[in-house]
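Hydrogens, waters and symmetry mates are skipped; everything else that's a heavy atom, side chains included, is used. In each ligand, atom 1 is the first atom listed, and ligand 1 is the first ligand listed.
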Amino acid sequence: MAAPWDVIVVGGGNAGFCAAHSARQEGAQVLVLEKAPRQWAGGNSYFTAGAMRTSHGGLADLKDLLDPSAQDRFPLTDLDPYTDDDFLDDLVRVTRGRTDTDLARILVGESRATMDWLRDLSLRFELMYHRQAYEVDGRHRFWGGLAVGVVGGGKGMIEQHLAAAERAGVHVRFDAPVTRLATAPDGTVQGVVLVDGEVLESRAVVLAAGGFEANPQMRAAHLGPGWDLALVRGTPYNTGDGIRLALDAGAQPYGHWSGCHAVAWDSGAHPTGDRELTNQLTRGGYPFGIMVNTDGHRFVDEGADFRNYTYAKYGAEILRQPGGTAVQIFDAKAARLLRPEEYASKNVTSVASGCMRGLARELGIDEDQLASTVEEFNASITGGPFDPTVKDGSRTEGITPPKSNWAQPLETPPYTAYPVTCGITFTFGGLRVDADARVLDTRGLPVPGLHAAGELVGGLFYFNYPGGSGLTAGSVFGRRAGHSAAALAAGRAR
Ligand SMILES: Cc1cc2nc3c(=O)[nH]c(=O)nc-3n(C[C@H](O)[C@H](O)[C@H](O)COP(=O)(O)OP(=O)(O)OC[C@H]3O[C@@H](n4cnc5c(N)ncnc54)[C@H](O)[C@@H]3O)c2cc1C
């Protein structure tokens with residue numbers, strides 16, 4: 001029987017849509033199968049800020065990429081170039097040298113061209129003044145290697161992907177959970193099987209079904225004890241299905257299976273993502289205050305690096321604290337540095353007080369201990385001057401853990417505290433792919449007909465992650481996966 005589809009894409013998030021667009025551009029008949037119902041479209045990608053890390057040559061170089069309607073502040077904007085070397089160095093540094101350099105070089109080297117490709121597909125980009133720049137001396141200064149985002153964030157991104165797919169004639173089917181691959185006796189992938197037993201045949205399959213972050217059992221099994229209790233920041237549908245069905249077909253597990261991206265997250269949040277608040281439940285302002293556990297002790301260097309290079313690993317540090325919770329504390333002068341969407345939107349869990357002891361009482365933390373932690377912190381500060389756009393060297397001396405940058409005394413009431421817990425974003429372990437995003441088996445050979453992109457690919461991220469890399473990785477490898485799947489489909493007999 002002739003296969004009705006050239007390429008089936010499993011999962012309708014950013015990586016899946018990039019694979020679908022790319023395969024369709026090669027002339028393939030493409031079907032995207034999405035487990036979630038229509039009202040949960042977009043997977044984790046919907047929940048994002050839409051931030052995308054790309055190498056670039058500075059503002060002038062980015063102009064063509066950015067939406068013309070969002071360029072009015074350019075004359076007052078300072079944005080240094082971010083080269084391929086900078087991007088690669090950041091990846092290598094935060095992953096402690098473990099990133100798969102073949103994959104990392106592809107990600108970095110194709111990041112900018114892939115953004116242009118997305119723009120040509122009608123995705124719209126802007127500079128993220130509200131998230132990645134501070135105003136200093138009347139100028140908007142970008143920091144932390146991340147500047148570009150999709151207009152409308154993750155919600156805008158999915159809307160734009162869906163519109164592009166519809167224009168191009170990509171078919172999308174919701175409520176279609178794939179449970180297994182259909183394979184020939186020689187292992188060649190020939191399609192997929194849905195949960196109700198329906199078989200859909202295709203010449204190639206691209207898996208883009210996310211990680212296992214929304215599966216408490218897999219989290220506990222792979223990330224370790226306590227991880228079943230983490231809150232999930234995004235979609236409840238990423239339960240590791242794509243990874244498991246590929247492993248069942250002989251794929252090779254790869255990457256940091258006990259590692260994940262997890263952040264400081266509002267302790268009052270739901271167990272899984274909120275479609276309205278999405279990313280607003282993140283609490284990423286800790287470089288401008290302190291984080292203490294419920295015993296009143298600090299436990300991380302809040303200023304070790306720009307937020308973009310620490311936030312993804314600090315969720316795990318919070319989970320390790322008593323009760324898996326912590327509190328971020330700021331004084332009044334830090335308020336202007338906190339992202340309003342994270343700290344001043346509705347449903348923010350917080351308490352405020354005119355004095356530190358009052359705050360401790362409100363929080364149920366030992367008063368003497370919190371007061372002494374803050375006194376010790378304030379007395380240890382040296383260096384400066386304070387500048388949020390550079391690693392300013394305003395630091396502590398003689399306390400453990402130190403705070404290496406942006407250390408300012410907590411002395412200007414009122415003091416506000418934000419209780420946080422660990423919010424898991426996505427898991428780092430997954431499948432092994434080659435440069436063409438073909439899934440490799442345990443011998444290192446391609447599983448015929450099987451491709452993969454996005455969160456379920458392992459090998460790029462270990463321990464930590466440079467902010468904004470996930471969407472770019474999904475785009476770069478999604479585009480490659482779609483291309484190679486379509487090429488394979490074209491070569492297979494119709
Ligand atoms: C709150 C939040 C904020 C974030 N902010 C950013 C950011 O600003 N920038 C950035 O780069 N990254 C960000 N990330 C990370 C980012 O979401 C991921 O890196 C990226 O979206 C992954 O894309 P994906 O297509 O692989 O997965 P997803 O977008 O999650 O798509 C996977 C899809 O597969 C579907 N699926 C699962 N199982 C099956 C099955 N059996 N059959 C069919 N379909 C299935 C799921 O329902 C889902 O729709 C954020 C994540 C969260 C949760």
Ligand 1 atoms nearer than 4.0 angstrom to some heavy atom of T425 are 50 (C), 51 (C), 52 (C), 53 (C)
Quick one: look up the protein heavy atom nearest atom 25 (O) of ligand 1 and list residue, atom name and how far away it is.
-> A15 N, 3.0 Å
Is atom NE2 of H222 surrounded by more than 12 heavy atoms (other residues, nucleotides or ligands) closer than 6.0 Å?
-> yes
How close does the nearest protein non-hydrogen atom get to atom 2 (C) of ligand 1, and which residue and atom is it?
-> F47 O, 3.6 Å
Between S475 and N14: side-chain donor-acceptor atoms closer than 3.5 Å = yes
Nitrogen or oxygen atoms of T235 and ligand 1 under 3.5 Å apart | no
Quick one: does ligand 1 sit under 4.0 Å from the side chain of A473, the backbone, both or neither, non-hydrogen atoms only?
-> neither
Can you tell me if D85 and T83 form a side-chain donor-acceptor pair at under 3.5 Å?
-> no
Per the ring pair (Phe, Tyr, Trp, His ring centres under 6.0 Å) rule, which among F461, Y462, F463, Y311 passes with H261?
-> Y311
Test applied, ring pair (Phe, Tyr, Trp, His ring centres under 6.0 Å); reference residue, Y129; option that passes from F142, F74, W143 = F142
Please work out whether any backbone atom (N, CA, C, O) or any side-chain heavy atom from C-beta onward of L281 is under 4.0 Å from ligand 1, and answer side chain, backbone, both or neither.
-> neither
Mark up the atoms of ligand 1 that fall under 4.0 Å of a heavy atom belonging to P177, in ascending order.
-> 42 (N)
Would you check if there is a donor-acceptor pair between the side chains of T282 and R233 at a distance under 3.5 Å?
-> yes
Has R283 got its NZ or CZ under 6.0 Å from the middle of the six-membered ring of Y343, at an angle within 45 degrees of the ring axis?
-> yes
Ring pair (Phe, Tyr, Trp, His ring centres under 6.0 Å) between F288 and Y134: does it pass, once the steps are laid out?
-> CA-CA 13 Å; F288 306 118; Y134 293 111; 5.7 Å; yes
Protein contact to atom 23 (O) of ligand 1 [nearest heavy atom, distance to 0.1 Å] = S45 OG, 3.3 Å
Candidates A452, A209, A51; heavy atom nearest atom 9 (N) of ligand 1 found on A51
In the protein, what heavy atom is nearest to atom 35 (C) of ligand 1, and what distance, to one decimal place, separates them?
-> E34 OE1, 3.4 Å
Distance from atom 32 (C) of ligand 1 to nearest protein heavy atom, with residue and atom = A208 O, 3.4 Å
Quick one: does ligand 1 sit under 4.0 Å from the side chain of Y465, the backbone, both or neither, non-hydrogen atoms only?
-> side chain
Passing option when R432 is tested against L103, T442, L440, V439 for side-chain contact (heavy atoms from CB on, under 4.5 Å) | L440
In this structure, atom 28 (P) of ligand 1 is nearest to the protein heavy atom N44 N, 3.5 Å
If you measure from each heavy atom of G42 to ligand 1, is any distance below 4.0 Å?
-> yes
Does ligand 1 have an atom that lies less than 4.0 angstrom from a heavy atom of G468?
-> yes
Numbered atoms and elements of ligand 1 in range of V10, under 4.0 angstrom, heavy atoms = 42 (N), 43 (C)
How many angstroms lie between atom CG of L207 and atom CG of L450, to the nearest 0.5 angstrom?
-> 4.5 Å
Give the atoms of ligand 1, by number and element, whose distance to some non-hydrogen atom of G50 is under 4.0 Å.
-> 8 (O)
Report yes if G210 has an N/O atom closer than 3.5 Å to an N/O atom of ligand 1; otherwise report no.
-> no
Taking the six-membered ring of Y46, is the NZ or CZ of R275 close enough (under 6.0 Å from the centre) and on axis enough (within 45°)?
-> yes
Ligand 1 to G234 polar contact by distance, N or O atoms, under 3.5 Å | no
Can you find a non-hydrogen atom of F212 under 4.0 Å from ligand 1?
-> no
Below 4.0 Å from any atom of ligand 1, is there a heavy atom belonging to G478?
-> no
Supply the atom-to-atom distance M291 CE to I318 CD1, rounded to the nearest 0.5 angstrom.
-> 4.5 Å
Atom 43 (C) of ligand 1 sits nearest the protein heavy atom K35 N, 3.3 Å
Short N or O distance, A49 and ligand 1, threshold 3.5 Å exclusive | yes
State the atoms of ligand 1, each with its element, that fall below the 4.0 Å cut-off from a heavy-atom position in G470.
-> 11 (O), 19 (O)
Between E110 and R480, is there a side-chain N and carboxylate O pair less than 4.0 Å apart?
-> yes
Short N-O contact, D305 and R93, less than 4.0 angstrom | yes
Taking the six-membered ring for Trp and the single ring otherwise, decide whether the centroids of Y286 and W406 are under 6.0 Å apart.
-> no
With a cut-off of 4.0 Å, which atoms of ligand 1 are near a heavy atom of Y237?
-> 37 (C), 38 (N), 47 (O)
Counting both backbone and side chain atoms, is some N or O of A453 under 3.5 Å from an N or O of ligand 1?
-> no
Polar atom proximity, T472 to ligand 1 (N or O, under 3.5 Å) = no
Could you tell me whether R131 and E341 make a salt bridge, using a distance below 4.0 angstrom between a side-chain N and a carboxylate O?
-> yes
Polar-atom distance check: D241 versus ligand 1, any N or O pair below 3.5 Å?
-> yes
Taking distance alone, with no angle check, do W265 and ligand 1 share an N/O pair under 3.5 Å?
-> no
How far is atom 13 (C) of ligand 1 from its nearest protein heavy atom, and which residue and atom name does that atom have?
-> T48 CG2, 3.5 Å
If you count the atoms of ligand 1 from 1 in the order shown, which ones are under 4.0 Å from a heavy atom of G11?
-> 33 (C), 34 (O), 35 (C), 44 (N)
CG (D266) and CD (Q328) are apart, to the nearest 0.5 Å, by 10.0 Å
Which ligand 1 atoms does G454 reach within 4.0 Å, using its non-hydrogen atoms?
-> 26 (O)
Salt-bridge criterion met for R203 and D6 (N-O under 4.0 Å) | yes
Test of proximity, E455 against ligand 1: N or O pairs below 3.5 Å | yes
Under 4.0 Å between a Lys/Arg side-chain N and an Asp/Glu carboxylate O for D248 and R244?
-> no
What about V178: any of its N or O atoms under 3.5 Å from an N or O on ligand 1?
-> yes
